[in-house]
Protein chains: 2
Amino acid sequence: MTAISPTSQKRVAVLKALAHPTRLLLTERLMQGELCVGELRDLVGDDVSTVSKHLLILRHAGVVACQKRGLNVYYRLACECFSDFLQCVDQVCPPPAMAGSGAGVCC
Amino acid sequence: MTAISPTSQKRVAVLKALAHPTRLLLTERLMQGELCVGELRDLVGDDVSTVSKHLLILRHAGVVACQKRGLNVYYRLACECFSDFLQCVDQVCPPPAMAGSGAGVCC
DNA sequence: AAAGCGCTTGGCTATTTTGCCAAATAAGCA
DNA sequence: TGCTTATTTGGCAAAATAGCCAAGCGCTTT
């Protein structure tokens, strides 16, 4: 019955935000640079409203940030360390494609 | 409508496994060393069957591994790089408690 | 072999999440 | 001002997840 610490709560929020195929795809794509909602919708193929809600969740978790310019809202990563983060995820247990490539130091 | 890559699928599996307060707590605790299911149940306070199912999810994602010894099943982290992983999570956007401590390089 | 202990699995309900449509809002343009 | 475009919000039904109880299974001990 150990209580959950504020730090762990924040971790869960970030992890939850990224633990969805569409939201991870959006975030991975934003590593290449900012995009507006319409462009992101084309990328994932969902309804715009759905994409907008996914982006809200990512924003809420502090993963992405946005800026309105004219009619468009441009989204970008809230921090550049995201590629390091993905490398860490892959190292927890390397994905099949990378197994044996030496990329994962454990498992 | 971009398809999800096998690598991203694996990432989602890992992230999903950890994106639950109880499962994150279990995993954080296993950083200190292996424990059996009964001990982990005492830690989180849920029903044993619930804990067992959480552990199955973590095992399936490759986060933890287990070994049966006598009557008990002992769980441990599948790889030692997990503390690095947590640091990465915290850096995506530092938790309130660590904000301003210099621990997070971005946001 | 029978009973006890630790864990897992099956099954069920409650809760949460997802994703669509429709409507509302905001900003540029005729 | 009114129209069009880009995005967000509300609301709902479908799907996924969580957590409890009960039953099953494998070891160990007697």
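Naming: A, B, ... by sequence-line order, numbering from 1 per chain. Just so it is clear, the model here is predicted, and its values are computed rather than measured. Values reported hereafter were calculated over all heavy atoms of this structure, with side chains retained and with hydrogens, waters and symmetry mates removed.
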Return no unless some side-chain N or O of B/H54 is found under 4.0 Å from OP1 or OP2 of D/dG19.
-> yes

Here the distance between atom C1' of D/dT7 and atom CG of A/D42, to the nearest Å, is 14 Å

Could you state the atom-to-atom distance from CG of B/L71 to P of D/dT29 in whole Å?
-> 7 Å

Phosphate-side-chain proximity, B/N72 and C/dC7, N/O vs OP1/OP2 below 4.0 Å | yes

Under 4.0 angstrom, heavy atoms only, what part of the nucleic acid is A/V37 near: base, sugar-phosphate, or nothing?
-> sugar-phosphate

Can you find a side chain N or O atom of B/S52 that sits less than 4.0 Å from OP1 or OP2 on C/dC7?
-> no

Could you state the atom-to-atom distance from CG of A/L15 to P of C/dT17 in whole Å?
-> 14 Å

Identify, between B/D46 and B/R69, the residue whose nearest nucleotide on DNA chain D lies closer to the 5' end.
-> B/D46

Within residues 16-34 of chain A, those residues having any heavy atom closer than 4.0 Å to DNA chain D are none

Of B/R59 and A/S49, the one whose nearest nucleotide on DNA chain C sits closer to the 5' end is B/R59

Not counting sequence neighbours, list each pair that qualifies as a side chain to side chain donor-acceptor pair (under 3.5 Å) and has a residue in residues 38-47 of chain A.
-> A/D47-A/S49

Could you give the CG-to-P distance, from B/D47 to C/dG10, as a whole number of Å?
-> 16 Å

Under the side-chain contact (heavy atoms from CB on, under 4.5 Å) rule, what do B/L30 and B/Y75 come out as? Steps first, then yes or no, please.
-> CA-CA 8 Å; B/L30 290 177; B/Y75 279 80; 4.1 Å; yes

Output a table of donor-acceptor pairs, distance under 3.5 Å, between side-chain atoms of residues 17-27 of chain B and any protein atom two or more places apart or on a different chain; print 'none' if there are none.
unit_1: B/H20; atom_1: ND1; unit_2: B/T22; atom_2: N; d: 3.1
unit_1: B/R23; atom_1: NE; unit_2: B/A17; atom_2: O; d: 2.6
unit_1: B/R23; atom_1: NH1; unit_2: B/H54; atom_2: ND1; d: 3.1
unit_1: B/R23; atom_1: NH2; unit_2: B/K16; atom_2: O; d: 3.2
unit_1: B/T27; atom_1: OG1; unit_2: B/R23; atom_2: O; d: 2.7

Has B/Y75 got a side-chain N or O lying under 4.0 Å from the OP1 or OP2 atom of C/dT8?
-> yes

Residue whose closest nucleotide on DNA chain D lies nearer the 5' end, A/K53 versus A/V73 = A/V73

When the distance from CZ of A/R41 to P of D/dT8 is rounded to whole Å, what number comes out?
-> 12 Å

Examine distances only and state if a side-chain atom of B/T2 and a backbone atom of A/L43 form a donor-acceptor pair shorter than 3.5 Å.
-> yes

Check the distance between C/dT8's P and B/H60's NE2 and give it to me in whole angstrom.
-> 15 Å

Does the side-chain hydrogen bond (donor to acceptor under 3.5 Å, both in side chains) test come out yes or no for A/Q9 and A/R11, once each step is laid out?
-> CA-CA 5 Å; A/Q9 261 179 308; A/R11 285 171 179 164; over 6 Å; no

Measuring from B/N72:CG to B/E34:CD, what's the distance to the nearest 0.5 Å?
-> 10.5 Å

Return the value, rounded to whole Å, for the distance between atom CG of A/L40 and atom C1' of D/dT8.
-> 15 Å

Step by step, work out the side-chain contact (heavy atoms from CB on, under 4.5 Å) result for A/Q91 and B/C79.
-> CA-CA 8 Å; A/Q91 285 192 355; B/C79 80; over 6 Å; no

To the nearest angstrom, how far is B/L35 atom CG from C/dC7 atom P?
-> 11 Å

